[in-house]
Amino acid sequence: MPADSLTVPPAAADLGAARDLLRRVWGHGDFRGLQPGVIAQALAGRDVLAVLPTGGGKSVCYQIPALLRPGLGLVVSPLIALMTDQVEALKQQGVRAARLDSGLSMDDRAAVWRAARAGELDLLYVSPEGLAQPHTQDRLGELPLSLIAIDEAHCVSQWGHDFRPDYRTLGRLAELFPGTPRMAVTATADQRTRDDILASLRLNDAQVFVDSFARPNLQLSAIAKESASRARTDAAVVDLVRERRGKSGVVYCGSRDGCERVAQALRDAGINAIAYHAGMDAGERDRRLERFLAEDAAVMVATIAFGMGVDKPDVRFVIHADPPGSLEAYWQEIGRAGRDGDPAEGITLYGPSDIAWTLRRLEGRPMDEAVKAAQVRKARQLFAMLDGAVCRPQAVRRYFGETDAAPCGVCDICGDPPVLDEVTVPAQKALAAVQRLGERFGRGRVIDHLTGRTKDAQPWETALSTWGVGAELSLNAWRAVIDHLMFEGLLVEDPNEGKPVLRLGDPAMVRAVYRGERAIAVRRAPERARPERPRRNAGRNLAAEALDGPTRARFDALRAWRRERAAEQHVPPYVIFQDRTLLEIAAIRPRDLDALAGISGVGTGKLDRYGAAVLAVLAQAD
Ligand code: ADP
Ligand code: ZN
């Protein structure tokens, strides 16, 4: 950890200049959260690791010091989509930014280097592969660098969930550019991943900043799948999206097939749904991403191939048709909703076949046994949260080390606290039954055995001590117990080529249940369909739905204007202005450029470029 007590605090003037820049270029009134601390460290030339939640404003943490310090700021970023977006947004703000990626022509590359050498570039984005090229390093070596930022730094760690081998080479930056301060930023990193980032990137004396993972504008919920039937799940997803018609969202699916199927089902229901997965070539994926960014109320139906680096701020919901593989991945994926701070939802569908599938997939991966075991544990922790009864964000934030996190008050658990039934004894019976039956049968057959209903039961079966001992629970209650045991990793479903069988899970955990050291509780199923509970507004911000007539008309006019500007320049609309900025403009209705400049998200670059046009749109809309 930081040994910083001896260092001199950075001059207050430095932060003052940073704040001026934030106002002038980004149009934001002041820093948020840990931004000033992180920026002060970098301005003072020191290394930093900053763990800030998605939407927490990580990019200005390195962009501002890179601009204020002399020399070129270098940003290492894992994805072209991410680079393109950030560079476009910076250019719109009047910052001299460029990217070097594999898609660039030789001429364009040469032009970038020329600009860099002439001192006409403030920020240069590169991929780790690009940076690994000796000629890139040679050229960078000739330039004064202000700062090196490593975005999505958790990719360096094999304990994390987005491991990229290329990131491992970034530790060399320490020797290649010894005097240059380096900053690693990420939105997800538990202690182990953090340690790995510090070690791999050789950030030995870095000050570490970890912000709260709270995302108060997100309303989270999890829904147990009624059956393993794909058609049922698809229909449930269609219903959920339909209820959110007119909003932009992301639906995550576990497979390419699933993606295509769900996208089709949504289109059949009249939703503008776009499938996206790694089975498509890069050009096709780019076109689809562009459509998602440009079209209103588009729904992206995607595998995890989609996401990292997609900074669309106005995604209003993320639905997992199939759950992710860990709490880190969960938090990152639902974190793509509501980046603008306005209310948004994260809804996860999950079932026992999903955890079986997740574990099976891990089983087949070629990786170190210790790493594999860590991944299996991560999957179990995710399902335990989904099927648990603890406030969702509280559970995740505790997992990330925020032990004092309070219940969020808006998730499904907080909104409608489930009644828990203690089922330790039935759980012991179920585990014993699976064991006595030789781990050869599936859930239905095990329940038949417990309740003494097996058709034509043979003497060997009726002689077992577990035969018919489960009369105290209904069939549905038994299903819930067994499913929950799977979510907790006490039972494992082996697909057995289409005839799934239950086996015992982790022996130490099973033993703890037998001994009564580990209590088991399940959520009581609702008696009948729950009445629709009034939806609480999760955010404190202006919401587009709640606008009065004239404000709505101004907002719509501004959006139409923005769409045209975006199409002309081939950039996503939010690069011009984000929804929340347009909402504020529509609500406040500034009469002149000065008033317009006071709105968050309107810096001088944008004011010069678009100020007059925005005022004209407002005048027309009245
Ligand atoms: P992330 O941490 O997810 O990379 P970004 O850097 O993309 O987040 O920032 C998320 C959003 O928050 C952007 O729209 C950005 O302009 C905005 N933002 C960043 N810093 C501030 C601030 N100090 N005040 C207001 N908005 C900010
Ligand atoms: Zn909650």
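The residues of the chain are indexed from 1 along the displayed sequence. Just so you know, ligand 1 is whichever comes first in the structure, and atom 1 is the first atom listed for that ligand. All figures in this text were calculated on a predicted structure; none of them were measured in a lab. Side chains included, hydrogens not; waters and symmetry mates left out as well; all remaining heavy atoms used.
Under the 4.5 Å side-chain criterion, counting only non-hydrogen atoms from C-beta, R46 is not in contact with Q207. Between W26 and Q63 the shortest side-chain heavy-atom distance falls below 4.5 Å. V185 is not listed as a side-chain neighbour of L52, based on a closest heavy-atom distance of 4.5 Å or more. Using a 4.5 Å heavy-atom threshold, the side chains of L74 and L147 count as separate.
Nearest protein heavy-atom neighbour of atom 13 (C) of ligand 1: Q578 NE2, 4.0 Å. Nearest protein neighbour of atom 16 (O) of ligand 1, counting heavy atoms only, is H28 NE2, 3.0 Å. Among all protein heavy atoms, the one lying closest to atom 20 (N) of ligand 1 is Q35 NE2, 2.9 Å. S59 OG, 2.4 Å is the protein heavy atom nearest to atom 6 (O) of ligand 1. Ranking the protein heavy atoms by distance from atom 10 (C) of ligand 1 puts G55 O, 3.7 Å first. Annotation: atom 7 (O) of ligand 1 to nearest protein heavy atom, R339 NH2, 3.3 Å.
Listed by number with element, the atoms of ligand 1 under 4.0 angstrom from any heavy atom of P53 are 2 (O). Applying the 4.0 Å criterion to heavy atoms of F31 picks out, from ligand 1, the atoms 23 (N).
Under 4.0 angstrom from ligand 1, the non-hydrogen atoms of D30 all belong to its backbone. Of all the heavy atoms of P313, none lies under 4.0 Å from any atom of ligand 1, so neither backbone nor side chain is involved.
Both the sub-6.0 Å distance and the 45° axial angle are not jointly satisfied by K225 relative to the ring of Y350.
Ligand 1 is never approached by C61 to a heavy-atom distance shorter than 4.0 Å.
Ring centroids of Y276 and F292 are separated by 6.0 Å or more, keeping the two rings apart.
Each of K312, R215, R316 was evaluated against D340; a single residue qualifies, R316, per the salt bridge (Lys or Arg N to Asp or Glu O under 4.0 Å) test.
R552 and D556 are joined by a salt bridge, as a carboxylate oxygen and a charged side-chain nitrogen come within less than 4.0 angstrom of each other. Using a cutoff of 4.0 Å between basic side-chain nitrogens and carboxylate oxygens, D166 and R164 are not scored as salt-bridged.
The Zn ion (ligand 2) lies at the vertex of an angle of 110° between the SG atom of C391 and the SG atom of C411 (rounded to 10°). Angle SG (C414) to the Zn ion (ligand 2) to SG (C408): 120°, rounded to 10°.
An N or O contact shorter than 3.5 Å links R32 to ligand 1 by distance. Some N or O of G57 is nearer than 3.5 Å to an N or O of ligand 1, by distance alone.
Using bins of under 30°, 30° to 60° and over 60° for the plane-to-plane angle, the ring pair Y252/H320 lands in the parallel bin.
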